[in-house]
**Q** 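One structure, as structure tokens, below. Some questions next.
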4 protein chains.
Amino acid sequence: MGELTSLRDTVRQFVEERDWDQFHTPKNLSAALMVEAAELLEHFQWLARGDAAELGDAKLEQVRHEMADVLVYLIRLADKLDVDLHAAVLEKMVLNRAKYPADKVRGDARKYDEYPQD
Amino acid sequence: MGELTSLRDTVRQFVEERDWDQFHTPKNLSAALMVEAAELLEHFQWLARGDAAELGDAKLEQVRHEMADVLVYLIRLADKLDVDLHAAVLEKMVLNRAKYPADKVRGDARKYDEYPQD
Amino acid sequence: MGELTSLRDTVRQFVEERDWDQFHTPKNLSAALMVEAAELLEHFQWLARGDAAELGDAKLEQVRHEMADVLVYLIRLADKLDVDLHAAVLEKMVLNRAKYPADKVRGDARKYDEYPQD
Amino acid sequence: MGELTSLRDTVRQFVEERDWDQFHTPKNLSAALMVEAAELLEHFQWLARGDAAELGDAKLEQVRHEMADVLVYLIRLADKLDVDLHAAVLEKMVLNRAKYPADKVRGDARKYDEYPQD
């Protein structure tokens, strides 16, 4: 079993034991994911770059936990919508390669910025 | 090799081929992750629940791509900060189990809400 | 003096007294605004509608403070970019009226959803 | 009539003409506000500081519109929850002054960062 499937089962069991599935509409989960993403960003907002050295060990630990929270909600949302996250990323990377040809966008900040990252 | 490690390598190669690593400070990546999370939420904001049936096939496909974008930036951020996402989720789930004991929070929306999801 | 100009001056003085202008790049301020918007959303994420009655007095007070935080950062960002917020809203409402003609989109959730709120 | 009250009436009329009030639960409005805040952040995410000069005129115009969108949703949310935004900011600034005494936090990035901006 792949890592993401295994994590999905861990999260699913956690939710079932608490009878929280009733709150987990995709709409609510995407809002929760966003809130966690903001808590992650909060650690970086006044830093210059946010590298591990600038964060320091204590903050890095908190960042690690916020990253886990984001992934937990993403995995949970994928479970509710029957999305295979691993396949979705591979598929999206194919689209990204077509959209941003390496020889055209290489190292070009302006081009990088022009091509929106959707 | 685990799925997440394999995806990390795919994303890393994509970035290297475009010489985009220079833009990928953890701060910028966490902002980009947030923007993708908002694009995901945008699909749900006026819906009642956002289930697959309410979304419809075309929107579900877009949602799938936004979910992939979120995971790509999360994987990239983990790569830059040397975070093992799989281990981080397992560790966080242990903390969550201690924080939200199943017998105390079971099916209780108020309690659920009181215990912040950090 | 208009309310927004007066609030701008209040916030400006607060920042100057603390010598915090150095942290207030537009980039940092837009990230901070986003984080406050997420703290606002957090209060609503597991609620059905989030009306005043569902929130209750204590939560409504917190919501009020988060709304103030969002406005403070928006006013500060406008100050740094020399944007007249009052004029910007009036101008945007003209664009919105042209984009969503009342007789075409009236009460239509699908149409409402199709026309993105950018 | 104050600027914010006048803008509230403009937005209210726009919504009523389109019969969109039915979609405007506080929960939905806070999600919409967040999405607009992310569209604002998107313009800055790969920039160094995001000053007017770095943005350029065309992007600054877009940023101005996103800022207007954020304020429109904030004003609309305040209308639905009967919040006086002007009074809320004045009240919050009193709390902020007590929380961040100028002589203790002056120009100190570390202190600034320690005191969370909630």
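Below, chains carry the letters A, B, ... as their sequence lines are ordered, and counting in each starts from 1. All values reported here derive from a predicted model rather than from experimental measurement.
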**Q** Under the rule for side chain to side chain contact (heavy atoms under 4.5 Å, CB included), what residues qualify as partners of D:Val72, not counting sequence neighbours?
**A**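 Testing D:Val72 for side chain to side chain contact (heavy atoms under 4.5 Å, CB included), a comparison that skips the adjacent residues, returns C:Val89, C:Met93, D:Val11.
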**Q** Please determine, among D:Gln62, D:Glu54, D:Arg49, the option with the most heavy-atom pairs under 4.5 Å with chain C.
**A**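 Maximum pair count with chain C is reached by D:Arg49.
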**Q** In terms of heavy-atom proximity below 4.5 Å to chain D, should C:Ala32 be classed as side chain, backbone, both, or neither?
**A**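 For C:Ala32, there is no contact with chain D at all, as no heavy atom is under 4.5 Å.
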**Q** Taking every heavy-atom pair that is under 4.5 Å apart, which of D:Asp51, D:Thr10, D:Val35, D:Leu33 has the most such pairs with chain C?
**A**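 Looking at each option in turn, the highest pair count goes to D:Asp51.
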**Q** Report the option among C:Ala78, C:Ala52, C:Ala88 that has the most heavy-atom pairs separated by less than 4.5 Å from atoms of chain D.
**A**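 Highest number of heavy-atom pairs under 4.5 Å: C:Ala88.
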**Q** So for C:Ile75, is it side chain, backbone, both, or neither that comes closer than 4.5 Å to the heavy atoms of chain D?
**A**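 Neither part.
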**Q** Which one, C:Ala48, C:Ser6, C:Gly50, C:Ala31, leads in non-hydrogen pairs under 4.5 Å with chain D?
**A**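 Option with the greatest count: C:Gly50.
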**Q** Compare all side-chain heavy atoms of D:Leu81 with those of C:Leu55 and state whether any distance is below 4.5 angstrom.
**A**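 D:Leu81 vs C:Leu55: side chains touch.
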**Q** So which of D:Ala38, D:Pro26, D:Ala68, D:Gly2 has the biggest tally of heavy-atom pairs under 4.5 Å with chain C?
**A**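 Ranked by contacts with chain C, first place is D:Pro26.
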**Q** Tell me, out of D:Leu40, D:Asn28, D:Leu7, who's got the most heavy-atom pairs with chain C below 4.5 Å.
**A**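 Heavy-atom pairs under 4.5 Å are most numerous for D:Leu7.
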**Q** For residues C:His86 and C:Glu3, is any side-chain donor paired with an opposing acceptor at under 3.5 Å?
**A**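 C:His86 vs C:Glu3: no donor-acceptor pair found between side chains.
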**Q** Shorter than 4.5 Å, heavy atoms on both sides: which option in D:Leu95, D:Leu90, D:Val63, D:Leu71 has the most such pairs with chain C?
**A**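 Answer, by heavy-atom pair count under 4.5 Å with chain C: D:Leu71.
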**Q** Any salt bridge linking D:Asp103 with C:Arg18? Criterion: basic side-chain nitrogen under 4.0 Å from a carboxylate oxygen.
**A**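 No salt bridge links D:Asp103 with C:Arg18.
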**Q** Which residue pairs satisfy the salt bridge (charged side-chain N to carboxylate O under 4.0 Å, His left out) criterion with at least one member in residues 6-17 of chain C, sequence neighbours excluded?
**A**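 Only C:Arg12-C:Asp79 qualify under salt bridge (charged side-chain N to carboxylate O under 4.0 Å, His left out).
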**Q** Would you give the length of the straight line joining atom CZ of D:Arg106 to atom CG of C:Asp19, rounded to the nearest 0.5 angstrom?
**A**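 Answer for the CZ-CG pair, D:Arg106 versus C:Asp19, is 5.0 Å.
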**Q** Please classify the contact between C:Leu60 and chain D as side chain, backbone, both or neither, with a heavy-atom cut-off of under 4.5 Å.
**A**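 Interface part for C:Leu60: side chain.
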**Q** Would D:Asp69 and D:Arg64 pass as an ion pair if we require N to O under 4.0 Å?
**A**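 Here D:Asp69 does not pair with D:Arg64 in a salt bridge, since their nearest N and O are not under 4.0 Å apart.
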